[in-house]
Every structure is written in C-alpha cells, then in structure tokens.
Amino acid sequence: MSKKKLLFVAPTSQLKAGGEISHFELLLAAKKRGYDVWIVIRAFGELARELKKHSIQYRIIPFNYWYDATPYDTESKQNFESILKIQQLITKEKFDCVITNTFNMPWGAIAAAMANVPHIWIAREYPAYNSRYLVGKYNFVKSFSNLIIANSKALAHFMQADYGLKTAYFYSYVTSKNLHSQRNWKKHPVLLALGISSR
C-alpha cells in the first residue's frame with residue numbers, strides 16, 4: 001500500500017514563533033509515522049533550510065495573508081496565481097489531504113476544494129486584538145474545512161461555544177531542552193507569551 005501524501009501550507013518561512021515551531025514538529029511527526037509529507041512556503045528562509053536537512057519536499061509559492069491582502073490588482077493577481085499553483089501541485093502529485101497551519105491564509109483551502117481533496121485547518125489564534133479580523137472569516141473556514149483542529153482544548157471549546165465551529169484539538173509540541181529552573185534565570189532567561197481569554 002502506498003504512503004498517504006499530505007500537503008501542508010505554512011503561513012511563514014521562518015522558525016521563530018511557537019506556531020511555526022509546533023508546525024515543523026508536526027511535519028516531522030507525520031513523516032516519522034510514514035506519511036509522504038510536502039509543504040508550501042511563502043519564501044526561502046530558515047524553515048526551508050531545516051526542511052532540506054530532514055528531506056522534506058517543499059515548494060515556494062508567494063501569497064498574502066488574509067489581513068494584509070488588499071483589493072489592488074497586483075496583490076489580487078498574486079493570490080489567484082498562488083491558488084492555481086497550489087491546485088496544480090495537488091493534482092500533479094495526487095495528495096490525499098491538504099492541511100493549512102493557522103487561519104491566516106485561505107489559499108490552500110480554496111486550492112484543495114478546486115482539486116476535490118479534503119482540507120484540514122489548524123486553528124492557533126483567538127479572535128481578539130490583532131486576530132479580531134478572523135471573526136468575519138469563520139463562515140468561510142467552516143465551509144472550506146473537512147476538519148478544524150485547535151491547538152488547545154480551551155480554543156476548541158471557545159470556537160464551538162461562541163461561533164458554532166465543531167473543532168477537535170491537540171496540544172502543540174513543547175521542548176524542555178531550553179527550559180531552566182528558577183535558580184538559573186539570570187544565566188538562562190526565559191520569555192513567556194501569555195494568551196488572554198475573557199473566560
């Protein structure tokens with residue numbers, strides 16, 4: 001039996017933020033479990049270098065985020081071209097599923113629908129503060145998802161209770177390699193980013 005082929009779509013080409021690192025670890029875990037893993041990235045960067053080290057196939061297809069997309073013809077044209085290129089890749093390589101990491105861009109979801117391939121959306125953002133724009137996108141997300149998976153039980157519950165989005169959940173990969181006890185904080189400071197919820 002041939003391996004199942006998964007195409008991931010990444011919002012960035014870096015490996016700095018928690019969502020980026022968690023996504024990369026998800027790729028490695030899928031590959032370890034026997035999936036044929038590919039990924040679409042916006043540009044060459046740190047992520048591409050790590051993908052090469054782990055022999056993961058990638059394609060560079062530039063696109064805009066939802067929040068920075070504007071009605072100007074040049075940006076609209078780029079996004080339409082990106083959708084077409086992703087759809088062509090899905091069809092040519094016969095992917096079994098497309099997985100979009102974060103709600104920041106819809107292009108993989110649209111391309112999967114055009115290719116008649118299942119699409120999974122990974123949710124990482126609460127729709128507050130700089131992610132408030134996502135509220136207006138939830139109907140689209142629901143329509144273009146075979147499955148929505150949040151990166152915590154709390155976020156899955158929030159999306160289900162407040163917006164009616166049936167959402168599974170998993171917990172993101174966390175490494176303990178660089179975590180240190182309080183007595184070492186002067187030598188090894190740790191920065192924490194705390195999510196704020198109204199609940």
Side-chain angles (χ1 to χ4, degrees), residues 3-70 74-115 117-125 130-131 133-134 137 140-141 144-151 170 172-175 193:
K3 291 182 180 180
K4 291 287 185 182
K5 294 186 74 169
L6 305 178
L7 178 63
F8 290 81
V9 183
T12 76
S13 55
Q14 301 303 317
L15 267 177
K16 292 180 171 57
E20 295 166 341
I21 295 169
S22 171
H23 187 215
F24 179 66
E25 293 295 336
L26 183 60
L27 296 174
L28 296 182
K31 183 181 178 186
K32 187 175 180 180
R33 293 182 184 187
Y35 292 98
D36 186 1
V37 177
W38 294 46
I39 185 170
V40 170
I41 56 178
R42 298 178 74 190
F44 187 84
E46 184 182 5
L47 177 55
R49 287 188 285 273
E50 287 300 315
L51 293 168
K52 278 187 172 183
K53 288 180 187 178
H54 293 275
S55 301
I56 294 176
Q57 294 268 6
Y58 67 89
R59 293 292 181 272
I60 296 174
I61 302 177
F63 53 78
N64 299 110
Y65 295 133
W66 241 334
Y67 64 76
D68 65 8
T70 70
T74 52
E75 293 191 355
S76 296
K77 183 173 183 288
Q78 181 182 64
N79 291 332
F80 281 121
E81 288 176 347
S82 299
I83 293 168
L84 181 59
K85 287 177 182 176
I86 297 170
Q87 184 265 320
Q88 289 170 341
L89 179 63
I90 295 168
T91 302
K92 180 182 177 183
E93 297 297 335
K94 297 181 172 60
F95 286 102
D96 295 291
C97 184
V98 178
I99 303 165
T100 298
N101 183 44
T102 83
F103 282 174
N104 281 333
M105 70 287 178
W107 321 124
I110 297 170
M114 290 169 60
V117 169
H119 177 259
I120 296 172
W121 224 314
I122 299 176
R124 298 184 184 275
E125 309 92 347
N130 61 332
S131 295
Y133 71 96
L134 288 173
K137 312 296 186 185
F140 180 94
V141 168
F144 281 79
S145 300
N146 295 87
L147 178 64
I148 301 170
I149 308 175
N151 69 338
F170 73 105
S172 296
Y173 170 87
V174 176
T175 177

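The first residue of the sequence shown is numbered 1, and numbering continues consecutively from there.
Judged by a 6.0 Å distance limit and a 45° cone about the ring axis, Lys4 is not positioned over the six-membered ring of Tyr35. Figure legend: Arg124 and Phe103 shown without cation-pi pairing, the cationic atom not lying both under 6.0 angstrom from the six-membered ring centre and within 45 degrees of its axis.
By the 4.0 Å N-to-carboxylate-O rule, Lys53 lies close enough to Glu50 to be salt-bridged with it.
For the side-chain contact (heavy atoms from CB on, under 4.5 Å) with Leu7, the qualifying choice from Thr100, Asp96, Leu89, Ile99 is Leu89, the only one to do so.
Here the closest non-hydrogen pair linking Ser13 and Ala43 is CB-O, 2.9 Å. The two residues Met114 and Ile83 have their closest heavy-atom pair at SD-CG2, 3.4 Å. Among all heavy-atom pairs drawn from Ala109 and Trp121, the shortest one is CB-CZ3, 3.6 Å.
From Ile41, atom CD1 reaches atom CG of Asn101 across 13.0 Å, with rounding to the nearest 0.5 Å. For the atom pair CD1 (Ile86) and CD1 (Ile61), the distance works out to 5.0 Å, reported to the nearest 0.5 Å. Separating the SG atom in Cys97 from the CD1 atom in Ile90 is a distance of 9.5 Å, to the nearest 0.5 Å. How far CG of Leu15 is from CG of Leu47: 5.0 Å, rounded to the nearest 0.5 Å. Rounding to the nearest 0.5 Å gives a distance of 13.0 Å between NZ of Lys94 and CG of Asp36. A distance of 14.0 Å separates CE in Met105 from NZ in Lys137, rounded to the nearest 0.5 Å.
Using modelled atom types and a 3.5 Å distance limit, the side chains of Ser82 and Gln78 yield no donor-acceptor pair.
At a threshold of 4.5 Å between non-hydrogen side-chain atoms, the residues Val9 and Phe63 count as touching. Proximity of Ser145 to His119: side-chain heavy atoms (C-beta onward) are separated by under 4.5 Å at one or more points. The shortest side-chain heavy-atom distance between Ile110 and Phe140 falls under the 4.5 Å cut-off. Residues Val37 and Leu28 are not in side-chain contact: their nearest non-hydrogen atoms beyond the backbone lie 4.5 Å or more apart.
For Lys85, the NZ atom counts as loosely surrounded, since its 6.0 Å shell holds 12 or fewer non-hydrogen atoms of other residues, nucleotides or ligands.
In this pair, Phe44 and Tyr58 present their aromatic rings tilted. The plane angle is within the 30 to 60° band.
The closest donor-acceptor contact from the side chain of Trp38 to the backbone of Leu6 lies at 3.5 Å or more, if one exists at all. Judged by distance alone, the side chain of Asn79 and the main-chain N or O of Asn64 form a donor-acceptor pair under 3.5 Å. Put simply, the side chain of Lys31 gets close to the backbone of His54: a donor and an acceptor are under 3.5 Å apart. With hydrogens and angles ignored, the 3.5 Å screen pairs no side-chain donor or acceptor of Asn146 with any backbone N or O of Ile120.
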